[in-house]
Amino acid sequence: MTPQRREERMAEWWRGAVMYQIYPRSFLDTNGDGIGDLAGITARLDYVAGLGVDGIWLSPFAKSPMKDFGYDVSDYCDVDPLFGTLDDFDRLLRAAHDRGLKVIMDMVLSHTSDRHPWFQESRASRGTAKADWYVWADAKPDGTPPNNWLSVFGGSSWQWDTRRQQYYLHNFLASQPDLNLHNPDVVDAVFDAVAFWLDRGVDGFRLDTANFYLHDPQLRDNPPRPPSAGNAPDVPLTNPYGRQYHVYDKSRPENLEFLRKLRRVLDRYPDRMTVGEVACDAGVKRIAEYCAGNDLLHTAYSFDLLSPGFSAAKIRGAVTAFFDEPGGGWPAWAFSNHDVIRAVTRWGGDSPAGASAALAKQLLALLTSLPGTPFLYQGEELALPEAEIAFEDLQDPYGIEFWPVFKGRDGCRTPMPWQHDAPAGGFSTGKPWLPVVPAHLERAVSRQEGDPASPLAFARSFLRWRKTRPALIHGRASFFDTPEPLLAFERKTAGERLLCLFNLGADPARWTPPAVALTPLDTGAAAHGLQGRLENGSVLLPGHGIFHAVLDR
């Protein structure tokens, strides 16, 4: 890499920035309807900025019938009244920028709501101007769907429409028809929506289902996934979707050309970025492909570190697999988000509160030490566990479909607990759309404020310290050969080399590094009983221990 290109990369704000995901429905409700809103986010921006993050990702707030809680868009260029108005968004954006926070927003370009005017016109007849704006296909001679493609949310991904006497494609709910992005008029229309928000000043986009944009025009059947291959990493065992290799309904080679066209739109605006969500059998190899070079996505994340199974080998394998791919891309990593069981439960099980708090602190330090752009999910800084939701309180159609073996995504989407002794945890003066569970009230912001041993205090101190270490922001990484449950890697820039060492187990552990001189660094972990220490050339780590040091060879 040339010195000029290296300087350009260091100037890209998103490279190594810590992003904080906000699920608007569940952050703060200011009007008492039980659903969070944009004004609530604006009201809590001081809290967000005080964490030491660099920006926020807003989950969908565009106009929608909310069958999939905003991921079914009925108007790309307006705010749903549940969340406020465009003026509310503009106020939020200004307030975030005033605090030095970047703002990226969800864009759902692969599909719309069936209530979108485009779809209403498309389904009216085969002769309308937008007849080919969605993916329509004739039935087989026996009336069955065109092929064996399955919906992520259960059943066939084809829905019969009586008006057109054809099937339409939906990779998710039947109320989320897939756009036909082989049609250049559709591409122009969605790019106009992208430009609408860029003109408004948004700093970038999280691209929902970024590998679902293009389908195989021949509509060929997907091949079966043999039992010996195991289930797909991002699909519950209960879901037959995981029994196919999805080579024709997503992750098509043509998708890359669409991403290049999208990148050209972004490149007309300085300092903007895209992060793609890529759920695919190929995992990190696919995200490396999608952000290779300088003409595709800026960064992307897979579900490899959002899945069950917690080990040093898994984390080392995911990071190494990405950087082993050609293209020189930059990854994004997350341990929790609005689609998966919260990490302290998924990886920590039914650990006592103290142990899960220690795990949460370590996970935050680990995530933000890995090479890439880390995404924290609201509540991770509080060590929130997955909420237990009764069936009668479920809202997620995915969970309702596959209950009780798979309980859906509501357990990670419950409201933020702001005040432990207030109704609904201070989230709302009305009945919240999902319940606030007692385990979350015990970890409310009000419980942790002023407690120097709290997960919140650790998050603030570690992220503040991280900003002082250039190697943790944009440094290259190389891993040491360590036994489980130890994970050790070096982050290196021209002026700094750091050792990052983590004991992923609950019991104390010892590691003897190669013959190097180490200068331990104060990350704030000592105040939480998690700091490793040097002793006779070895590093002694407590359970869930953390150790950072300057490397001198």
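These numbers come from a predicted model, not from an experiment. Keep in mind that the numbers below use all heavy atoms, side chains included, and drop hydrogens, waters and symmetry copies.
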Atom pair CZ (Arg342) and CD (Glu386), whose distance is rounded to the nearest 0.5 Å: 7.5 Å

Carboxylate-amine/guanidinium proximity below 4.0 Å for Lys467 and Asp54: yes

Backbone N/O of Pro236 and side chain of Tyr241: donor-acceptor pair under 3.5 Å: no

Lys102 charged N/C atom sitting above Trp14 aromatic ring, 6.0 Å / 45°: no

Audit row: Glu442, His420, side chain to side chain donor-acceptor pair (under 3.5 Å) steps and yes/no: CA-CA 6 Å; Glu442 289 302 310; His420 70 279; over 6 Å; no

Neighbour count above 12 (heavy atom, 6.0 Å) for Asp451 CG: yes

By side chain to side chain donor-acceptor pair (under 3.5 Å) - contacts of Glu484 (at least two apart): none

Carboxylate-amine/guanidinium contact Asp46 Arg99, below 4.0 Å: yes

Ring centers of His548, Trp465 separated by less than 6.0 Å: yes

Ion pair Glu381/Arg460, N-O distance below 4.0 Å: no

Ring centres under 6.0 angstrom apart (His440, Phe427): no

Asp106 with Arg206: basic N within carboxylate O range, under 4.0 Å: yes

Aromatic Trp418 / basic Arg44 pairing, under 6.0 angstrom, 45° off normal: yes

Sub-4.5 Å side-chain heavy-atom contact between Ser59 and Pro24: yes

Anything under 3.5 Å between a donor and an acceptor, one on a side chain of residues 278-286, the other on a protein residue two or more places apart or in another chain? List them.
{"residue": "Asp281", "atom": "OD1", "partner": "Arg225", "partner atom": "NH1", "Å": "3.0"}
{"residue": "Lys285", "atom": "NZ", "partner": "Glu325", "partner atom": "OE2", "Å": "3.0"}
{"residue": "Arg286", "atom": "NH1", "partner": "Glu289", "partner atom": "OE1", "Å": "2.7"}

Tyr71/Gln176 under side-chain contact (heavy atoms from CB on, under 4.5 Å): CA gap, chis, key distance, verdict: CA-CA 8 Å; Tyr71 287 96; Gln176 293 171 291; 4.1 Å; yes

Aromatic ring pairing Tyr301/Phe375, orientation class (parallel under 30°, perpendicular over 60°, tilted between): tilted

Given Asp208, Asn171, Val73, the one that forms side chain to side chain contact (heavy atoms under 4.5 Å, CB included) with His111: Asp208

Any Arg200 side-chain heavy atom under 4.5 Å of Val202 side chain: no

Aromatic ring pairing Phe489/Phe479, orientation class (parallel under 30°, perpendicular over 60°, tilted between): tilted

Set of side chain to side chain donor-acceptor pair (under 3.5 Å) partners for Asp410, sequence neighbours left out: none

is_close_aromatic(Phe89, Phe61), centroid dist under 6.0 Å: yes

Stepwise salt bridge (charged side-chain N to carboxylate O under 4.0 Å, His left out) test for Asp98 and Arg91: CA-CA 10 Å; Asp98 287 346; Arg91 279 189 286 271; over 6 Å; no

Heavy-atom side-chain contact between Ser356 and Trp347 under 4.5 Å: no

NZ/NE/NH1/NH2 to OD/OE distance under 4.0 Å, Asp72 and Lys67: no

Leu198 and Arg272: CA distance, side-chain angles, deciding distance, side-chain contact (heavy atoms from CB on, under 4.5 Å) verdict: CA-CA 8 Å; Leu198 291 171; Arg272 313 302 173 91; 3.6 Å; yes

Main-chain N/O of Tyr377 paired to Glu380 side chain as donor or acceptor, under 3.5 Å: yes

Separation of Phe458 CZ from Leu456 CG (nearest 0.5 Å): 12.0 Å

Any Lys63 side-chain heavy atom under 4.5 Å of Val79 side chain: no

Over 12 foreign heavy atoms within 6.0 Å of CG, Asp481: no

Close side-chain approach of Leu501 to Ile546, heavy-atom, < 4.5 Å: no

side-chain contact (heavy atoms from CB on, under 4.5 Å) between Leu262 and Leu296, worked out: CA-CA 8 Å; Leu262 176 61; Leu296 294 165; over 6 Å; no

From CG (Asn337) to CG (Leu306), nearest 0.5 Å: 5.0 Å

Validation row, ring centre Phe402 to ring centre Tyr398 under 6.0 Å: yes

4.5 Å side-chain heavy-atom contact, Trp511 and Asn503: no

Check: His298 ring centre within less than 6.0 Å of Phe205 ring centre: no

N/O donor-acceptor pair under 3.5 Å between Ser311 side chain and Lys314 backbone: yes

Verdict with reasoning, Thr299 to Thr373, per side chain to side chain donor-acceptor pair (under 3.5 Å): CA-CA 8 Å; Thr299 184; Thr373 296; 4.9 Å; no

Distance in Å, Ile56 CD1 paired with Tyr20 OH, rounded so as to fall on 0.5 Å steps: 10.0 Å

Min side-chain heavy-atom separation Asp203-Met273 under 4.5 Å: no

Side-chain donor/acceptor of Thr414 to backbone N/O of Ala387, under 3.5 Å: no

Check: Trp433 ring centroid to Phe69 ring centroid under 6.0 Å: yes

Test item: Asp37 and Asp88 side chains (from C-beta on) under 4.5 Å apart, heavy atoms: no

Interatomic distance, Leu367 atom CG to Ser369 atom OG [nearest 0.5 angstrom]: 8.5 Å

Approximate separation, where rounding is to 0.5 Å, of Arg25 CZ and Gln395 CD: 7.5 Å

